[in-house]
Each structure stands twice: as C-alpha cells, then as structure tokens.
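Reviewing the structure listed below.
Quick note: numbers below take in every heavy atom, side chains included, and nothing from hydrogens, waters or symmetry partners. For reference, positions follow the sequence shown, starting with 1.
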Amino acid sequence: MEADKQKSDIMKKIPEGAEGVTVLVGEMDCLERPVLSFVRLAEGTQLDGLTEVPIPVRFMFVLLGPGGGEVDYYEIGRCFSTLMSSENFNEAAYTAEKMKDILAAMNKFIGETMVLPAGNWNKELLMPVLRKQKQLRKEAGYDDDWDSDTTDDELLTDGKKGAKKPAALVNPLERTRRPFGGLWNDVKRRYPFYFSDFKDALNGQSLAAVVFIFFAALAPAITFGGLLGEKTENWMGISEMIIGSAIAGVVFALLSGQPLVIIGVTGPILVFEENLFKFCKSMDIEYLPFRFWVGVWICLTATICVAAEGSVLVRFISRFTEEIFSFLISIIFIYEVFNKLVQIYFQHPLHTLEHYCSIANSTNDVAGQVTMPAAQAAPTMGWGASITDNPLGSPGGGNGTLCAEKEPPKSDQPNTALLSTILMFGTYLLANQLKVFKNGHFLGKSARKLLADFGIPIAIMVMVGKDLAITTVYTTKLDVPNGLVPTDGCKRGWLVNPMGNQKPFPPMWIAAAIVPALLAFILMFMEVLITELIVNKKDNKLKKGGGFHLDLQILGILAAFNGFLGLPWVWSATVRSVTHLGALTVFSTTHAPGEKPRLESVREQRVTSLLVNLMIGLSIALAPVLKRVPLAVLFGVFLFMGVSSLNGVQFADRVFMMAMPRKHHPDVKYVRNVRPWRCHMYTIIQLGGVAMLWGVKISPAALAFPFFLILLVPIRKVLGKIFTEQELDALDCADAGEDEPEMAQEALVPT
C-alpha cells in the first residue's frame with residue numbers, strides 16, 4: 001500500500017503526456033568489448049516491469065560490457081540519463097535521423113556543461129556560475145524573443161508543409177517594406193484565433209480575473225477622473241473618465257491584436273491633458289473643439305506611422321529614457337499630492353473657537369436664500385447645449401432651462417485639514433501594508449495574495465467609512481453628477497462641435513493642432529509599444545502572438561472618436577496590463593517539492609477585458625456612492641501609486657546608492673561591472689534629464705514636454721562616447737538588475 005501511495009504521489013508530479021526512457025546497463029564475461037544500443041520506438045509503449053511508474057516508454061538505452069575492467073558502466077548509464085533530462089538533447093533525440101545527429105547533440109551538451117568540484121556550494125557562491133551560464137545561453141541564441149532569420153513570406157507559414165508556424169516565433173517588429181505590411185501581418189497572425197479567444201475564457205480562472213481586474217481598473221479611473229476634473233475645471237471629470245474608458249475598452253477588447261493589454265487613462269496622459277488645458281486657457285481657445293482637432297491629427301499621425309511600419313522604432317527607446325520618464329511621473333504624483341494637501345491647510349487654517357462660531361452663524365443666516373442670476377443661464381447654442389436642454393448636445397438647441405447652482409466649496413472649517421491628512425496618509429499606509437503583507441507569514445498564501453491584490457479598494461473603503469463615521473468634520477468630496485450626464489452639464493453636452501461651441505473656431509487653430517497632436521502621439525507611441533513588448537516577452541510563453549501595428553492604429557482611431565465625444569484619451573496601461581497577464585497565468589503543478597512553479601501558459605482570450613470594461617461602464621450608476629468619497633482618500637491613492645512605482649526602478653535604486661557606503665550596495669550586475677564613480681556619473685546625467693523635463697513642465701512651454709522627452713534618445717546615443725560598451729550593457733540593458741532568469745519584471749511607467 002505504501003509503495004502504491006508513493007507511485008501515486010510521483011504521478012501527480014509528472015506532466016500529462018510524458019514519455020519515459022529506460023536505461024539498462026550490465027556486465028557479461030562472455031563479451032570482449034562493450035555493446036551499446038539506443039532505440040527510439042515509433043510511439044510510446046507501456047512496458048511492464050521496466051519503469052518504476054506506469055508511463056509509456058519511448059526510448060531504450062542498453063549498454064553491456066565485459067566485467068572486471070576499469071569502466072564503470074553504471075556511471076555511463078547515469079550520464080546518459082542526465083543527457084535525456086536536457087531539454088535540448090531530448091528534442092534532438094526525438095528528431096534525429098542519423099547517428100551523427102545524436103553525436104552533434106551530445107557535443108553541444110558537453111560544450112554548454114559547467115563542471116563544479118565537490119564542495120559546500122550555496123546560492124551566493126553559485127551566482128557567478130549561473131550568470132555565466134545565462135550569458136552562454138544568450139550567446140547561443142536561446143533567449144531570442146523571435147526568430148529573425150525568416151523572410152516575410154515565411155513569417156506566417158512553414159516553407160516545407162505550408163503549416164502555420166507558432167505565432168510566438170514571428171517577429172512583429174520585422175519590416176516588410178510594404179505599406180501597412182506590419183498591420184496586415186498582425187491581422188493574418190492574430191484574427192485566425194478570434195473564436196478561440198472566447199472559447200478559451202470558459203474557465204474559473206478567467207472569471208476570477210474579471211473580478212480582480214475590475215477593481216484594479218476602476219480605482220485608477222475614479223482617481224484620475226477626480227484629478228482630471230480639478231485640472232480642467234470640470235470640462236472632463238469622473239463621468240467622462242468612466243464612459244470613455246468603457247467605450248474604448250470594449251472596442252479594443254473586441255478588435256485588438258493583443259487583448260491581454262488593458263487600456264485606460266495613465267499618468268502621462270493626465271500630465272498632457274493638464275498642459276493642453278492650460279495652453280488653451282492662456283490662448284483663449286475653446287478647449288474641447290481644439291482637443292477634438294488634436295485627436296483627429298493623432299489618428300492621422302498613427303495611420304502614417306503604421307503605414308510606414310514606424311513601430312519598429314521602439315527598439316531605440318532604451319532603459320535610459322524609460323527610467324527617466326518613469327521617475328519623473330512618480331515625482332509628479334508625489335508632488336501633486338503634497339501640493340493639494342498644503343492647499344487644504346491654506347483653505348482651512350487653524351482659528352479660534354469664536355471665529356468658527358461666527359462662520360456657522362453667518363452660514364445659517366443665508367442658507368436657502370441663494371438664487372442663480374439670469375445671466376448665468378446655461379448656454380443653449382447648438383452643439384454646446386447643456387444637458388438640461390438637450391442630452392446629446394446636438395443641433396437644435398434647448399429651451400432655456402437654467403442649470404442648478406452648485407454649492408460653493410467651504411473654507412475655514414474646523415479640523416478639515418487634520419482629517420484630510422489622516423485620510424490621505426491612512427489610505428497610503430493601509431494600501432502599502434496590504435501590498436507587503438503578501439510576503440509575510442500570517443494566513444495562507446492565497447489569502448495573503450487576495451488581500452494584496454485588493455489592497456487599494458480595501459484602503460479606499462476603510463477610509464471612506466472612517467470619514468462617514470466622523471459626521472462633525474467637513475471634507476471635500478468627489479464632484480460626480482447623477483446618471484449618464486457630463487461632469488458639468490452647464491458647460492457642455494456629449495458631442496463636441498468641431499467649429500466651436502460658444503464662438504466660431506478659427507481655422508488657423510485647426511492646422512496648429514497638429515503640433516500638440518505630434519507631442520501626444522510621442523507619449524502614446526511609447527506607452528503602447530513598451531507595454532506590448534512587456535506583455536509579449538518570450539518568457540510569458542504566449543502562443544497567439546501580439547499586434548504592435550494593429551493596436552497602435554486602433555488606439556489612434558479611438559483618440560479621434562473620444563475627442564468628438566469630449567472623453568479622455570485612453571492608451572495602454574502598463575501596470576494594469578501586467579496585472580491582467582499575471583491573473584491569467586497558469587503555473588505548473590508538477591514541480592518537485594521546494595522547486596519554484598514554472599510558468600506553463602497564459603489563458604489568451606478577449607472575454608476578461610471585455611467584461612471588465614462593460615462593468616466599468618455600468619459603474620456610472622454608482623454616482624451616489626462616489627459622491628461620498630473624500631478627495632483626500634484619492635490623494636492617498638496617488639501617493640501610493642507614486643511611491644510604489646519607484647520600487648523596481650533601477651534609476652531610483654542608484655539615486656539612493658549615492659548616499660550609501662559601498663559595502664551596502666546590492667549585488668547586482670551594474671554594481672559588479674561598473675566602478676562606483678562611473679555609476680554615479682551615469683545617475684547624475686539621468687537626474688539632469690529629470691531636471692530638464694521638470695523645468696519644461698513648469699514653464700510656459702509645458703505642452704512641449706513630450707518633445708523634450710524624445711530628445712533623451714539621441715542623448716543616450718552620445719553616452720556611448722563617455723561610457724564603455726560593457727558599462728552601458730550593465731546600466732542600460734533590459735536585464736541590468738536581474739540575476740535570475742525567473743525574476744519578475746516590474747512595469748516602468750506608473751499607470
């Protein structure tokens with residue numbers, strides 16, 4: 001019984017469809033020289049008594065030799081068993097046609113083998129060996145993401161039998177030198193799997209991913225929407241954010257080449273929207289009509305880029321530029337949080353008790369007496385009609401209905417600043433502690449992961465409950481309208497008149513809109529393609545391929561569509577996409593005890609993204625609940641996003657290293673291969689790039705922020721004359737901070 005139980009336990013660890021090899025060795029006195037036979041059966045066959053577990057045998061190795069010699073046949077058998085455990089030799093054994101094929105595979109295995117003397121080896125001592133082995137495998141071509149030796153016609157078919165090659169072997173960033181050639185290849189490669197994208201979602205893991213990603217996507221939508229409403233004076237806010245994310249997300253889920261990518265508003269978009277609004281206000285231009293023409297030009301620019309296969313240029317954007325961009329966005333998040341908190345302290349300073357009592361008495365005297373002057377009636381001219389006049393804002397005007405006056409924000413309220421501080425830091429600390437709780441020892445692994453994954457929603461709900469419990473203290477809440485209406489229905493409708501809402505739009509600004517459109521396209525290009533590169537990494541073992549050109553074209557069209565409806569632009573959200581990928585990843589259950597689970601596959605489908613965006617759209621009905629969320633809680637979410645986004649960014653680690661003694665530097669590639677003062681010089685140059693971009697952001701030329709960002713690419717080229725190739729390989733390569741192949745890659749851009 002005990003033996004049967006052991007066999008059953010072993011069978012659980014053996015992958016389905018596995019085949020065995022039987023190695024038999026022995027001595028016979030009648031033999032004068034060794035006799036060896038290696039047999040590959042036509043198909044796996046169950047051979048009773050030859051294997052310890054009941055699996056079909058595909059290979060047989062038999063070695064017999066004369067006894068009494070110095071040759072240890074048992075060790076030879078062990079060596080051959082080790083050979084068969086090698087993935088590369090095993091593959092060669094299945095496909096070999098002649099003896100020389102087997103011998104060539106053996107020689108290759110021996111050439112890649114590293115022999116270690118007997119000793120007390122631990123992980124730290126083996127690290128240099130592992131790094132050397134990884135380097136040798138990379139030089140041998142095992143880490144290539146795509147097979148770049150095929151021609152355009154061979155990218156999608158196998159030349160011998162015309163069968164489709166696995167999509168993972170196709171290089172989507174290989175030029176076809178034909179207009180829209182890359183887009184056409186994306187369509188031919190990805191759309192044949194369209195129906196399987198729905199069939200492959202019929203499992204419990206996909207359903208669980210829908211619930212998880214919904215909260216992971218809804219929290220940023222509400223947070224960014226609240227801040228966007230403040231930055232644009234409610235021309236766009238939470239309503240537009242939720243509806244824009246839902247519409248674009250559903251379209252992208254149905255048509256995209258890589259539906260595992262989650263789209264939404266991100267930090268860089270928020271910064272650009274703020275700068276665009278300030279520009280329009282300073283030049284006395286209507287914001288939404290100008291923004292519509294910017295969206296049209298973004299669409300045309302994306303079309304030209306896709307036609308020319310410009311997506312391949314993403315190869316020139318290195319870690320140097322990505323890290324400066326990521327670091328700057330994180331700093332902007334953190335700065336904005338504390339800037340808003342300081343403003344609350346100025347609006348609600350500490351006064352005497354008599355002062356607060358006088359404010360309360362004056363408020364009671366004028367309560368209910370405020371009426372809206374006729375001069376403040378909502379505009380009712382055509383496309384710009386208010387929601388109370390014409391819900392769609394279409395030509396035909398309204399009936400002159402007045403907008404209800406909103407309650408002005410209060411000031412000089414007691415304890416408001418203190419409670420806002422508590423809510424902000426409480427949200428940040430609770431979300432951060434739930435995040436690190438995943439690595440603790442309390443509760444089970446699944447429970448810890450669940451709490452960490454839902455850390456932000458839990459923190460928001462706890463702090464909102466705390467605010468509701470303290471009824472005597474005023475806090476500023478989210479401004480959310482009831483129903484399917486814009487954030488400020490007195491200003492705008494759902495459609496944007498391209499020729500001006502309240503006054504004729506000058507034609508010169510239609511042509512001038514191409515400048516901010518090119519700048520916005522730079523941001524879109526970086527975010528979309530960098531996210532695609534991360535999701536489509538070879539380590540993720542995706543089988544259906546991606547859609548670099550197709551997705552860029554779709555998002556370009558959506559930019560024009562959202563501009564016409566006055567909705568925020570939505571692009572690839574890196575962090576949410578990586579989280580979505582992780583939620584759909586299938587790990588091995590056949591690994592040995594103590595061994596890390598191996599990534600086996602990813603459930604590639606469209607249903608999770610589709611359902612998530614539909615649920616986000618339906619969440620507009622939660623307006624009565626969202627109105628109770630204090631802005632200070634959202635500031636805490638932004639602080640969490642800014643601080644947590646610095647984790648895993650090598651640039652941030654090197655900034656802190658500048659204040660550390662050398663003995664406390666981490667054991668990573670760029671520390672081992674680069675002298676400290678050279679490493680600090682590289683860091684100072686990156687800090688100079690951050691300072692330049694920050695100076696542009698706060699200057700009147702803030703709208704040109706993306707142009708100065710792209711200037712970092714040629715600056716990186718110049719660094720090749722200052723630093724050696726070995727130093728740049730350690731500091732700027734994609735795996736500069738990685739020492740183990742399975743180390744998780746952090747998303748660079750905080751979104």
Side-chain angles (χ1 to χ4, degrees), residues 218-234 237-238 241 267 270-271 274 330-360 362-363 406-435 455-481 487 622-645 750:
L218 181 62
I222 296 173
T223 306
F224 283 120
L227 194 58
L228 183 63
E230 184 178 352
K231 296 294 185 183
T232 62
E233 298 178 1
N234 281 337
I238 292 182
M241 182 70 69
L270 191 65
V271 173
E274 177 188 2
S330 297
I331 295 300
I332 290 175
F333 280 7
I334 297 171
Y335 168 79
E336 288 290 345
V337 166
F338 286 100
N339 183 42
K340 298 301 178 186
L341 186 63
V342 170
Q343 290 181 15
I344 293 176
Y345 273 87
F346 278 109
Q347 293 171 359
H348 305 277
L350 184 63
H351 292 293
T352 62
L353 180 61
E354 292 77 9
H355 181 82
Y356 290 126
C357 291
S358 64
I359 294 177
S362 62
T363 303
K406 295 183 179 180
E407 180 183 357
K410 297 180 180 180
S411 61
D412 293 335
Q413 297 298 307
N415 298 323
T416 294
L418 176 61
L419 181 57
S420 298
T421 304
I422 294 174
L423 293 176
M424 187 192 81
F425 282 105
T427 304
Y428 163 73
L429 292 174
L430 182 56
N432 188 66
Q433 287 302 311
L434 288 174
K435 177 185 176 182
I456 292 180
I458 291 174
I460 291 176
M461 288 188 288
V462 170
M463 290 300 139
V464 170
K466 186 178 184 67
D467 176 73
L468 294 176
I470 306 176
T471 58
T472 57
V473 180
Y474 166 81
T475 53
T476 307
K477 304 295 193 298
L478 281 175
D479 186 7
V480 186
T487 300
L622 299 176
V625 177
L626 298 179
K627 284 183 176 181
R628 297 181 177 272
V629 178
L631 284 177
V633 172
L634 299 188
F635 296 158
V637 176
F638 266 95
L639 181 61
F640 171 78
M641 294 171 66
V643 173
S644 62
S645 295

Interatomic spacing from [atom1] in [X] to [atom2] in [Y] - rounded to 0.5 Å:
X: M424; Y: I344; atom1: CE; atom2: CD1; answer: 8.5 Å
X: I458; Y: I460; atom1: CD1; atom2: CD1; answer: 11.0 Å
X: Q433; Y: Y428; atom1: CD; atom2: OH; answer: 9.0 Å
X: N339; Y: I334; atom1: CG; atom2: CD1; answer: 13.5 Å
X: F425; Y: S420; atom1: CZ; atom2: OG; answer: 11.5 Å

All side-chain contact (heavy atoms from CB on, under 4.5 Å) counterparts of [X], not counting sequence neighbours:
X: A459; result: T427, L430, A431
X: L418; result: I422
X: Y345; result: L341, A417, T421
X: V342; result: F346

Problem set entry | Any pair counted as salt bridge (Lys or Arg N to Asp or Glu O under 4.0 Å), so long as it reaches residues 457-471, sequence neighbours left out |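 As it turns out, the salt bridge (Lys or Arg N to Asp or Glu O under 4.0 Å) pairs with a partner in residues 457-471, which skip direct neighbours, are D467-K477.
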
For this session: Please name all residues satisfying salt bridge (charged side-chain N to carboxylate O under 4.0 Å, His left out) with K340, sequence neighbours left out, ordered by chain then number.
Result: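 Residues passing salt bridge (charged side-chain N to carboxylate O under 4.0 Å, His left out) with K340: E230.
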
For this session: List for me each residue that meets side chain to side chain donor-acceptor pair (under 3.5 Å) alongside E233, sequence neighbours excluded, and say none if there are none.
Result: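 So E233 forms a side chain to side chain donor-acceptor pair (under 3.5 Å) with K281.
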
Return the minimal non-hydrogen interatomic distance between [X] and [Y], and the atom names on each side.
X: F338; Y: L639; value: CE1-CD1, 3.9 Å
X: L468; Y: R628; value: CD2-NH1, 4.0 Å
X: N415; Y: V473; value: O-CG1, 3.5 Å
X: A632; Y: L423; value: CB-CB, 4.1 Å

Problem set entry | Donor-acceptor pair, side chain of T476 and main chain of L631, under 3.5 angstrom |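 Side chain of T476 to backbone of L631, a donor-acceptor pair under 3.5 Å: no, none is there.
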
